[in-house]
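I have a structure I would like to understand better, so I am pasting it below and will then ask my questions one at a time.
Start at 1 with the first residue, then count along the sequence.
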Amino acid sequence: ILCSAVSILCYTMRSYLEGLFDEGILCNFISEFSDGSALIRFELSDGADEGKVLEAVKAVLTGFSLLEENFPDFVTADV
C-alpha cells in the first residue's frame, strides 16, 4: 500500500506539472522516474503566476509529509 501511495503522489505531481508546462506556465520541465526514485524539476516561465504551481506542489508535498511522518524508515521527501 505504501508503494502505491507514493507512486500515485508522484504521478499526480508529474501529470499536473506537465499540463502547466504544456500551457507555458513552466519551462525546463524534467521528470525522471525509476524504481524507488522520482525526480521532478521545473522553473516558472517569465511572467507566469506562481499561485497555481505553489498550491498543487504544496498539496502533493503534504501527502508526502504524511507518509514520511508515518513511515520514516521508508519515505523521505526532499525539496
Side-chain angles (χ1 to χ4, degrees):
I1 292 176
L2 178 58
C3 183
S4 297
V6 170
S7 293
I8 199 64
L9 286 172
C10 290
Y11 283 102
T12 298
M13 175 88 79
R14 180 171 71 177
S15 178
Y16 186 79
L17 294 175
E18 278 178 336
L20 295 180
F21 176 73
D22 291 342
E23 291 177 32
I25 294 171
L26 301 178
C27 60
N28 299 323
F29 178 78
I30 298 169
S31 67
E32 298 174 3
F33 286 35
S34 60
D35 291 346
S37 177
L39 170 70
I40 299 173
R41 290 185 185 176
F42 59 89
E43 295 176 20
L44 282 173
S45 296
D46 290 338
D49 179 14
E50 65 187 30
K52 228 176 169 180
V53 178
L54 288 176
E55 283 186 38
V57 171
K58 282 181 186 179
V60 173
L61 289 179
T62 298
F64 278 114
S65 292
L66 290 170
L67 291 174
E68 184 176 34
E69 192 176 295
N70 289 290
F71 305 98
D73 293 337
F74 301 103
V75 177
T76 303
D78 294 322
V79 178

Nearest 0.5 Å please: distance from the CD atom of E69 over to the OG1 atom of T62.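 Interatomic distance, E69 CD to T62 OG1, rounded to 0.5 Å: 11.0 Å.
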Heavy-atom side-chain contact between S34 and S37 under 4.5 Å: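 Contact flag for S34/S37 side chains = yes.
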In Å and rounded to the nearest 0.5 Å, what is the CZ to CD distance from F21 to E43?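 Rounded to the nearest 0.5 Å, the CZ-CD separation comes out at 11.0 Å.
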Could you tell me whether the side chain of I25 reaches within less than 4.5 Å of the side chain of D49, counting heavy atoms only?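 No, every pair of side-chain atoms sits at 4.5 Å or beyond.
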What heavy-atom pair brings V75 and V6 nearest, and what distance separates the two atoms?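 Residues V75 and V6, closest heavy atoms: CG2-CG2, 4.1 Å.
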What's the shortest heavy-atom distance between G24 and S45, and which atoms?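 Distance-wise, the nearest heavy atoms are O-OG, 2.8 Å.
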Hey, any chance F64 and L54 share a hydrophobic cluster, counting ILVMFWY side chains that come within less than 4.5 Å of each other, even indirectly?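 Result: no, two separate clusters.
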Full working for side-chain contact (heavy atoms from CB on, under 4.5 Å) between D22 and F29: CA-CA 10 Å; D22 291 342; F29 178 78; over 6 Å; no
Distance in Å, I8 CD1 paired with S15 OG, rounded so as to fall on 0.5 Å steps: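 Nearest 0.5 Å value for the CD1-OG distance: 9.5 Å.
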Output the distance between atom CG (L26) and atom CZ (R41), rounded to the nearest 0.5 Å.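 Reported to 0.5 Å precision, the distance equals 15.0 Å.
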Are side-chain heavy atoms of L67 and L9 found at a separation under 4.5 Å?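 Sidechains of L9 and L67: in contact.
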Kindly confirm or rule out a cation-pi arrangement of R14 over F33, judged by NZ or CZ under 6.0 Å from the six-membered ring centre and within 45° of its axis?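 Satisfied, under 6.0 Å and within 45°.
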Taking the side chain as every heavy atom from C-beta outward, state whether E50 and E55 have any pair of such atoms under 4.5 Å apart.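 No; the side chains remain at least 4.5 Å from each other.
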From NZ (K58) to OG (S65), nearest 0.5 Å: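 Between K58 NZ and S65 OG, I get 12.5 Å after rounding to 0.5 Å.
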Quick one: do L66 and L2 end up in the same hydrophobic cluster if we chain Ile, Leu, Val, Met, Phe, Trp and Tyr together by side-chain heavy atoms under 4.5 Å apart?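 No.
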Are the side chains of F42 and I30 in touch, meaning some heavy atoms are under 4.5 Å apart?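 With C-beta onward as the side chain, the pair stays apart.
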Rounded distance [0.5 Å steps], CD1 in I40 versus CD in E32: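 It is 10.5 Å, given to the nearest 0.5 Å.
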